[in-house]
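Report on the following structure.
Naming convention: chains lettered A, B, ... in sequence-line order (proteins, then strands); numbering from 1 in each chain. In what follows, every heavy atom counts, from backbone to side chain, and hydrogens, waters and symmetry copies are set aside. Values in this document were obtained by computation on a predicted structure and should not be read as measured data.
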Number of protein chains: 2
Amino acid sequence: MGEPRTKTRVGEANVEKILDAALTSFARFGLHGARTDQIAEAAGMSKPNLLYYFRTKEELYLAVLKRTLGVWLDALAEIDPQAEPSQALTDYISAKLEFSRAYPDQSRLFAMEIIQGAPWLKEAILRDLAPIVEAKVATLTGWIAEGRLAPVDPTTLILTIWATTQNFADFSAQTSLLTGKTLDDPAYFDRTRDAIIAIVLAGVLPRE
Amino acid sequence: MGEPRTKTRVGEANVEKILDAALTSFARFGLHGARTDQIAEAAGMSKPNLLYYFRTKEELYLAVLKRTLGVWLDALAEIDPQAEPSQALTDYISAKLEFSRAYPDQSRLFAMEIIQGAPWLKEAILRDLAPIVEAKVATLTGWIAEGRLAPVDPTTLILTIWATTQNFADFSAQTSLLTGKTLDDPAYFDRTRDAIIAIVLAGVLPRE
DNA sequence: GTCTATAAGCGGATAGAC
DNA sequence: GTCTATCCGCTTATAGAC
């Protein structure tokens with residue numbers, strides 16, 4: 001499953017340019033809809049030169065996906081068991097939404113891969129993502145046991161946060177068709193973040 | 001934009017078989033990844049015969065999408081301004097989740113089209129979906145004004161419900177990788193539904 | 001309406017010089 | 001490492017008989 005041949009500095013710079021260009025195309029057109037010559041052009045090189053770094057389109061696709069998964073893992077891992085639950089969840093929701101705003105293509109591409117059954121990323125999800133989720137479920141379970149969180153199913157809560165935050169990147173086409181706004185509008189971004197936090201936190205914090 | 005040529009009874013039956021088969025393929029592989037001969041085979045006919053009913057792959061794709069959009073519209077339109085808010089939202093969430101369980105491919109295909117910017121469905125969304133959403137936002141705004149609903153942004157609330165419910169169909173690959181469960185498991189389905197309703201309703205109902 | 005056979009073109013991948 | 005030129009497989013779509 002060939003790494004890109006990147007020994008030199010110029011090579012590494014090219015790999016980065018290719019990954020960025022590929023992300024845009026794959027997010028917009030999917031694995032099969034994306035065109036290698038278009039990606040090469042966007043990366044500022046010829047098609048054969050692109051294929052010098054990534055031998056096949058599929059290899060490039062997987063490389064793009066794995067780069068995104070890494071960022072996801074880091075954000076999730078940052079939920080701190082020692083923190084105040086409402087603050088920890090607020091921070092995580094904010095970070096996740098901010099990521100969706102800053103890197104909508106990464107969010108979208110990831111979503112498309114998952115929707116299609118994760119044919120390329122299945123292995124990496126099981127190996128890298130699952131253990132972290134398990135750890136965070138344990139954290140939430142602990143908070144619930146201590147009465148610091150309402151007794152909501154922890155896995156469902158995590159998936160709900162992913163669903164709500166990612167939604168605004170993934171479905172931004174629909175959202176902007178319906179509201180005329182995007183997350184690039186700072187006021188709308190803040191309003192959305194506050195609404196999500198209000199909805200999710202209210203359902204999750206213990207009533208006194 | 002070419003209706004399928006369906007004058008006879010056998011023709012209509014074939015069109016249905018094609019739409020069903022196409023839904024499966026498009027949801028799994030996307031517009032460009034799906035293969036017409038595979039769809040034809042799944043529909044029990046030859047490829048030229050399929051292309052007799054739908055002149056191009058794209059025409060077939062759009063027909064499949066529009067069939068799904070119709071179902072969506074009906075469910076949303078059913079939210080009754082006269083109803084008790086918590087009951088109306090509970091019913092809508094239940095119906096939406098049930099739809100995602102019963103027709104996961106429709107849910108997934110719709111999601112993929114939206115994520116890619118709705119290149120094929122944009123027009124229909126603006127014409128058919130937007131007005132209904134507008135009407136429902138008005139309903140929610142009324143409930144908020146009457147103090148029967150917490151002052152949450154109505155559009156965000158609707159989008160949140162879509163996000164949470166659809167998520168369990170769209171991301172079922174991820175969910176089942178992480179939990180080992182699918183919505184086909186009745187107990188898991190009920191647990192998920194209750195958790196979503198609890199989270200969303202709690203954040204939205206007015207505190208006394 | 002349905003088929004077999006085939007055309008036509010796109011697009012990923014390679015050859016080989018520089 | 002990068003390019004030009006080119007190959008060739010694969011897939012949509014059509015021709016035309018039944």
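Remark: Ala202(B) pairs with Arg207(A) by the side chain to side chain contact (heavy atoms under 4.5 Å, CB included) rule, at least two apart or across chains. Partners of Arg191(B) by side chain to side chain donor-acceptor pair (under 3.5 Å), not counting sequence neighbours, listed by chain and number: Asp153(A).
For the salt bridge (charged side-chain N to carboxylate O under 4.0 Å, His left out) condition, the pairs that include at least one residue of residues 174-187 of chain A, sequence neighbours left out, are Lys181(A)-Asp185(A). Counting only residues at least two apart or in different chains, side chain to side chain donor-acceptor pair (under 3.5 Å) contacts with residues 73-87 of chain B comprise Gln87(B)-Asp91(B).
The distance from atom CG of Leu51(A) to atom P of dG16(C) is 17 Å, rounded to the nearest whole Å. Counting to the nearest Å, the P atom of dC10(D) and the NZ atom of Lys57(B) are 15 Å from each other. The OH atom of Tyr61(B) sits 15 Å away from the P atom of dA13(D) (whole-angstrom rounding). One interatomic measurement links the two molecules: CD of Glu59(B) to P of dT14(D), which rounds to 11 Å at whole-angstrom precision. In this structure, Arg55(B) atom CZ and dA13(D) atom C1' are separated by 12 Å, rounded to whole Å.
Taking the ring centre of Phe189(B) as origin, the terminal cationic atom of Arg101(B) falls inside the region bounded by 6.0 Å and 45° from the ring axis. For Lys66(B) and Trp120(B), the positive end is not near the middle of the six-membered ring at less than 6.0 Å and at most 45° from its axis.
Residues of residues 22-41 of chain B that place a heavy atom closer than 4.0 Å to DNA chain D, in numerical order, are Ala34(B), Arg35(B), Thr36(B).
Checking side-chain atoms of Lys17(B) against main-chain N and O of Ala42(B) turns up no donor-acceptor pair under 3.5 Å.
Applying the side-chain contact (heavy atoms from CB on, under 4.5 Å) test between Ile18(A) and each of Leu23(A), Asn49(A), Leu50(A) identifies Leu50(A) as the sole match.
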Set out, line by line, the N/O atom pairs under 3.5 Å between protein and nucleotides 2-8 of chain D.
unit_1, atom_1, unit_2, atom_2, d
dT2(D), OP1, Asn14(A), ND2, 3.1
dT2(D), OP2, Asn14(A), ND2, 3.1
dT2(D), OP2, Asn49(A), OD1, 3.3
dT2(D), OP2, Asn49(A), ND2, 3.4
dT2(D), OP2, Tyr53(A), OH, 2.5
dT2(D), O5', Asn49(A), ND2, 3.0
dC3(D), OP2, Ser46(A), N, 3.2
dC3(D), OP2, Ser46(A), OG, 2.8
dC3(D), OP2, Asn49(A), ND2, 3.3

